[in-house]
Amino acid sequence: SERELALEDAAREASQRLETFDRERHGPVATQVRQFRTWWRLALVQHLIASGRFPDVAREAAVVPSAEEDVQARAALALLRGVAIETRARLADEGPSGTAAVSMRRLPASSRTGPMLIAMDDAGKQYRRALALVPGDRELTLRLGRVAIERGRLDDAERTLAPLLPTPCRDAVCGLAHLFAGEVHEGRKDMAKAAGAYALASAVPAVRHSALVAMMQAAMRRGIAGGAYDL
């Protein structure tokens, strides 16, 4: 919208005005200003992803100020690059030609197009780069597990997701990990384990809706229409 563009322009102008302080590399506030401008740029990249302005993402990511001393910022940049690649690939993969049933659930790995698979690999590289900077980060681990599922690498996905499956499960990251673990079990045709994983995911309020949909679809694939209806 015009209002959003005006706010974006104003924010850019504010960042440019801070360049004066940024140049004073030994000034009393130079370090703080550089850090602020780096994270402002990262926020802009995130905003562009959320707005679906993918052609602009790569350009803005390329001009994020160097932050060698800020490991978290470098990891965040790699994460956002991976998210942009993955999100854009999903949108292209689930075009308007797909049926409602297909769009509700990811297509099996065997039906992925070549560009989609390459994009998932590229996103995985960014996530691994970020994890090397911040080992154990839960969101990055979750996203890497998701990419492995998309590529049909079920063993890799199971190993990656394992640290995110504590009991009891209390937050969205853990809930999504159980949801993804259910997909891994389904991929191996172990429907009992899949149902158990989906049930654990459904206990997390933030993930409950998606987990119930997954349970419904699993029931339909097993020919249990009544169970899906109850859900």
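Just so you know, these numbers come straight off a predicted model, no measurement behind them.
No salt bridge links Glu8 with Arg3; every basic N to acidic carboxylate O contact stays at or beyond 4.0 Å. With salt bridges taken as basic N to acidic carboxylate O contacts below 4.0 Å, one links Arg221 and Glu186. By the 4.0 Å N-to-carboxylate-O rule, Glu158 lies close enough to Arg188 to be salt-bridged with it. Taking the charged nitrogens against the carboxylate oxygens, Arg12 and Glu60 do have a contact shorter than 4.0 Å, which makes a salt bridge.
Tracing side-chain contacts under 4.5 Å through hydrophobic residues (I, L, V, M, F, W, Y), one reaches Leu80 starting from Phe54; they form part of the same cluster. No continuous path of ILVMFWY side-chain contacts below 4.5 Å connects Leu7 to Trp40, so the two sit in separate hydrophobic clusters. Met191 and Phe180 fall into different hydrophobic clusters, where Ile, Leu, Val, Met, Phe, Trp and Tyr are joined by side-chain heavy atoms under 4.5 Å apart, directly or via other members. Val64 and Val134 fall within a single hydrophobic cluster, where Ile, Leu, Val, Met, Phe, Trp and Tyr side chains are chained together by heavy-atom contacts under 4.5 Å. Residues Val173 and Leu176 share a single hydrophobic cluster, defined by chaining ILVMFWY side chains whose heavy atoms lie under 4.5 Å apart.
Nearest heavy-atom pair, Gly124 versus Leu144, reported as atom, atom and distance to 0.1 Å: O-CD1, 3.7 Å. Scanning all heavy atoms of the two residues, the minimum distance from Cys169 to His178 falls at SG-CD2, 3.7 Å. Minimum heavy-atom separation, Ala177 to Leu164: CB-CB, 3.6 Å. In terms of heavy-atom proximity, Ile85 sits nearest to Ala123 at CG2-N, 4.0 Å. Taking both residues in full, the closest heavy atoms of Ala194 and His185 are given as N-CB, 3.6 Å, listed atom of the first, atom of the second, then distance. Nearest heavy atom pair, residue Ala78 against residue Gln126, reads O-CB, 3.4 Å.
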Item to check | Gln35 and Trp39: CA distance, side-chain angles, deciding distance, side-chain contact (heavy atoms from CB on, under 4.5 Å) verdict | outcome: CA-CA 6 Å; Gln35 185 177 40; Trp39 282 97; 3.8 Å; yes
Walk me through whether Lys125 and Arg81 qualify under side-chain contact (heavy atoms from CB on, under 4.5 Å).
CA-CA 10 Å; Lys125 290 176 184 176; Arg81 280 177 164 151; over 6 Å; no
Determine, stepwise, if the pair Tyr127 / Thr141 fulfils side-chain contact (heavy atoms from CB on, under 4.5 Å). CA-CA 8 Å; Tyr127 297 149; Thr141 303; over 6 Å; no
Practice problem: May I have the step-by-step check of side-chain contact (heavy atoms from CB on, under 4.5 Å) for Arg74 and Arg129, ending in yes or no? | Solution: CA-CA 9 Å; Arg74 288 158 56 202; Arg129 182 176 299 166; over 6 Å; no
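With a 4.5 Å cut-off on side-chain heavy atoms, Arg41 and Arg37 do not count as touching. Between Ile118 and Asp121 the shortest side-chain heavy-atom distance does not fall below 4.5 Å.
Side-chain contact annotation: Tyr198 with Gln217, donor-acceptor N/O pair under 3.5 Å absent.
Rounding to the nearest 0.5 Å places CG of Leu44 at 4.5 Å from CG of Leu48. Interatomic distance, Met215 CE to Asp230 CG, rounded to the nearest 0.5 Å: 11.0 Å. Between the CZ atom in Arg34 and the CG atom in Leu18 there is a gap of 12.5 Å [rounded to 0.5 Å]. Here the straight-line distance linking atom CG of Leu161 with atom CG of Leu179 works out to 10.0 Å at 0.5 Å rounding. Interatomic distance, CG of Leu133 versus CG of Leu77, reported as 10.0 Å (0.5 Å rounding). Rounding to the nearest 0.5 Å gives a distance of 13.5 Å between CZ of Arg146 and CZ of Arg151.
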Atom pairs and distances, side-chain donor-acceptor, residues 201-214, under 3.5 Å, sequence neighbours left out:
residue: Ser202; atom: OG; partner: Ala199; partner atom: O; Å: 2.7
residue: Arg208; atom: NH1; partner: Ser202; partner atom: O; Å: 3.1

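Here salt bridge (charged side-chain N to carboxylate O under 4.0 Å, His left out) pairs that include residues 160-182, with residues two or more places apart or in two chains, are Arg138-Asp171.
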